[in-house]
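These values consider heavy atoms only, across backbone and side chains, with no hydrogens, waters or symmetry-generated copies. Letters A, B, ... mirror the listed sequences (proteins, then strands); counts begin at 1. Not measured: the values here are computed from a predicted model.
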There are 2 protein chains.
Amino acid sequence: MSNQISFQSAIKSRNLRMTNQRRQVLRVLEESDEHLDAEAIYDLVRKQNPRISLATVYRTLALFKELGLVNEHKLGEDHSHFETAQEEPHYHFTCLSCRKIIEFSAPEIEETLLPRIAKQGLEINEVHLIISGYCADCQANLIEGKKQCSSPRPIHNQN
Amino acid sequence: MSNQISFQSAIKSRNLRMTNQRRQVLRVLEESDEHLDAEAIYDLVRKQNPRISLATVYRTLALFKELGLVNEHKLGEDHSHFETAQEEPHYHFTCLSCRKIIEFSAPEIEETLLPRIAKQGLEINEVHLIISGYCADCQANLIEGKKQCSSPRPIHNQN
DNA sequence: TTGATAATGCGAATTATTATCAATAAGAAA
DNA sequence: TTTCTTATTGATAATAATTCGCATTATCAA
């Protein structure tokens with residue numbers, strides 16, 4: 001993939017070294033279309049390399065982020081999720097009950113909002129839009145009361 | 001303010017009690033138009049009540065959030081910022097250099113994006129849009145090199 | 001004024017992440 | 001290949017933000 005290529009060139013340009021750990025973390029990220037957190041990446045890499053350290057996973061993710069290979073997302077939980085950098089800009093919906101993450105696009109942001117912001121003299125580096133709520137499945141389940149919202153804080157605000 | 005009113009009624013409805021600490025935290029939040037973090041709120045309240053505990057500040061903020069009096073924002077740093085709930089929806093720009101927070105509105109979100117999301121069967125609870133980058137002042141300063149970007153991670157990505 | 005219990009203060013515990021540092025390994029040069 | 005420099009790792013301690021546990025205090029209804 002192009003990620004491998006940019007990884008190689010980034011390695012060359014700076015005085016970085018290509019290690020098994022870095023290859024493994026990158027592979028796990030590329031083979032998953034999920035939004036993994038550090039712990040999940042750690043667990044997946046350990047299947048191939050049981051000796052890897054969690055610290056190395058964090059360091060590698062930080063490096064990949066700096067190289068632009070990986071994006072970090074804070075989706076309302078107390079830890080980060082990671083995904084390989086995508087071409088198309090996109091944003092995230094997270095279900096407060098099952099924690100499912102749904103991506104969506106929002107061309108109005110790139111087409112009208114960001115230009116408006118830039119016109120105000122602000123230099124834009126990152127854009128994060130997070131919508132949280134309940135996915136269709138969990139709405140149904142919560143109504144029937146079948147599957148009680150076991151997951152974090154049922155903030156249903158029914159005052 | 002209307003916050004006081006809704007606070008009173010919320011207190012009545014549940015079996016909550018009106019304490020000095022709660023009044024003090026609410027007052028600090030209302031008297032500031034900044035986006036304070038827990039520590040800043042703690043420091044401000046302590047001027048009036050040096051005996052308050054940081055845990056109480058956190059508990060009070062959690063309660064206010066549940067009551068809808070206060071909104072919590074994760075703006076890319078490792079801690080949260082808080083503001084009293086506003087009528088008008090708005091979003092946040094944070095300067096990566098000076099950490100200034102600039103609010104902006106984005107009617108395209110409420111008018112076209114959110115309805116589109118809702119149409120997909122998703123129930124929306126919260127919407128957070130955070131744009132990070134460099135404010136006009138810091139762009140100037142960084143170019144002149146006068147005021148080196150002392151603040152967190154100069155991610156300028158000039159590859 | 002009293003009594004039930006919500007709320008507080010304090011400190012310990014937790015969680016995610018980062019820093020330290022001796023040991024290891026990548027990869028350029030010999 | 002072997003050697004040498006030093007980037008990287010693993011293990012663990014440290015940090016930062018936040019939450020928990022619990023004895024004590026304070027609110028407010030009776």
Side-chain angles (χ1 to χ4, degrees), chain A residues 7-26 28 35-43 45-46 48-67 70-82 99 151-153 155, chain B residues 7-26 28 35-43 45-46 48-67 69-70 72-82 99 151-153 155:
Chain A
F7 188 14
Q8 299 286 358
S9 53
I11 292 275
K12 289 244 166 65
S13 66
R14 321 186 179 197
N15 52 355
L16 298 175
R17 290 173 186 179
M18 174 61 75
T19 66
N20 285 328
Q21 291 86 337
R22 287 175 179 168
R23 265 186 290 263
Q24 288 157 353
V25 170
L26 188 57
V28 159
H35 293 74
L36 303 171
D37 57 27
E39 207 76 35
I41 294 165
Y42 178 52
D43 289 342
V45 172
R46 256 196 307 186
Q48 305 305 125
N49 174 5
R51 307 208 51 234
I52 196 172
S53 154
L54 180 57
T56 296
V57 172
Y58 275 108
R59 279 184 298 232
T60 303
L61 290 170
L63 172 66
F64 286 174
K65 204 173 69 169
E66 219 184 295
L67 297 180
V70 161
N71 289 132
E72 176 178 8
H73 299 286
K74 313 223 177 193
L75 300 174
E77 295 183 82
D78 49 3
H79 59 278
S80 290
H81 292 252
F82 300 86
R99 287 298 172 195
S151 312
R153 331 171 204 175
I155 320 180
Chain B
F7 189 13
Q8 299 286 357
S9 53
I11 293 275
K12 289 244 166 64
S13 66
R14 321 186 178 198
N15 52 353
L16 298 175
R17 291 174 184 178
M18 174 60 76
T19 66
N20 285 328
Q21 290 87 338
R22 287 175 180 170
R23 266 186 289 263
Q24 288 157 353
V25 170
L26 188 56
V28 160
H35 293 73
L36 303 171
D37 57 27
E39 207 76 35
I41 294 165
Y42 177 52
D43 289 342
V45 172
R46 257 198 305 187
Q48 305 304 127
N49 173 6
R51 307 210 49 236
I52 196 172
S53 155
L54 181 56
T56 296
V57 171
Y58 276 107
R59 279 183 296 231
T60 303
L61 290 169
L63 172 65
F64 287 174
K65 205 173 68 169
E66 219 184 295
L67 297 180
L69 296 176
V70 161
E72 176 177 8
H73 299 286
K74 313 223 178 194
L75 300 173
E77 294 183 81
D78 50 3
H79 59 278
S80 290
H81 291 254
F82 300 86
R99 287 299 171 194
S151 313
R153 334 171 203 171
I155 321 179

Strand DNA chain D as a dot-bracket string - pairs counted if Watson-Crick or G-U with both distances under 3.5 Å, | where the partner lies in another strand:
||||||||||||||||||||||||||||||
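- Scored by the side chain to side chain contact (heavy atoms under 4.5 Å, CB included) test, Ala40(B) finds Leu36(B), Asp37(B) as partners (sequence neighbours excluded).
- For His81(B) (side chain) and His35(B) (main-chain N/O), a donor-acceptor pair under 3.5 Å exists by modelled atom type.
- Separating the NE2 atom of His73(A) from the P atom of dA16(C) is a distance of 19 Å, rounded to the nearest angstrom.
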Output one letter per nucleotide in nucleotides 4-13 of chain D: B when a protein non-hydrogen atom lies under 4.0 Å from the base, S when only the sugar-phosphate is that close, - when neither is.
-BBBSBBBB-
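- One can place NE2 of His81(B) at 12 Å from C1' of dA17(D), the figure rounded to the nearest angstrom.
- Atom pair Glu77(A):CD and dT14(C):P shows a separation of 20 Å (rounding to whole Å applied).
- Looking at residues two or more places apart in sequence or on another chain, you find a ring-ring contact (aromatic ring centres under 6.0 Å, His included) between His73(A) and His92(A), His128(A).
- Rounded to whole Å, atom C1' of dA16(C) lies 10 Å from atom CZ of Phe82(A).
- With rounding to whole Å, Leu67(B) atom CG is found 10 Å from dA7(C) atom P.
- Not counting sequence neighbours, the partners of Phe64(B) by the ring-ring contact (aromatic ring centres under 6.0 Å, His included) test are Phe7(B).
- Rounding to whole angstrom units, NZ of residue Lys74(B) and P of dT15(C) are separated by 15 Å.
- In this structure, Leu61(A) atom CG and dT18(C) atom C1' are separated by 13 Å, rounded to whole Å.
- If you take CG of Asp78(A) and C1' of dA17(D), they are 10 Å apart, rounded to a whole angstrom.
- For Ser80(A), a side-chain nitrogen or oxygen approaches OP1 or OP2 of dT17(C) to under 4.0 Å.
- For the pair Tyr58(A) and dT17(C), the criterion of a side-chain N or O lying under 4.0 Å from OP1 or OP2 is met.
- With sequence neighbours excluded, the residues forming a side chain to side chain contact (heavy atoms under 4.5 Å, CB included) with Tyr42(A) are Glu39(A), Arg46(A), Ile52(A), Leu54(A), Val57(A), listed by chain and number.
- Here Leu63(B) pairs with Leu16(B), Arg22(B), Leu67(B) under the side chain to side chain contact (heavy atoms under 4.5 Å, CB included) rule; sequence neighbours left out.
- In terms of the side chain to side chain contact (heavy atoms under 4.5 Å, CB included) criterion, residue partners of Ala55(B) (sequence neighbours excluded) are, by chain and number, Ser53(B), Arg59(B).
- For Gln21(B), there are no side-chain hydrogen bond (donor to acceptor under 3.5 Å, both in side chains) partners, not counting sequence neighbours.
- Salt bridge annotation for Glu66(A)-Arg14(A): present, with a cationic side-chain nitrogen under 4.0 angstrom from a carboxylate oxygen.
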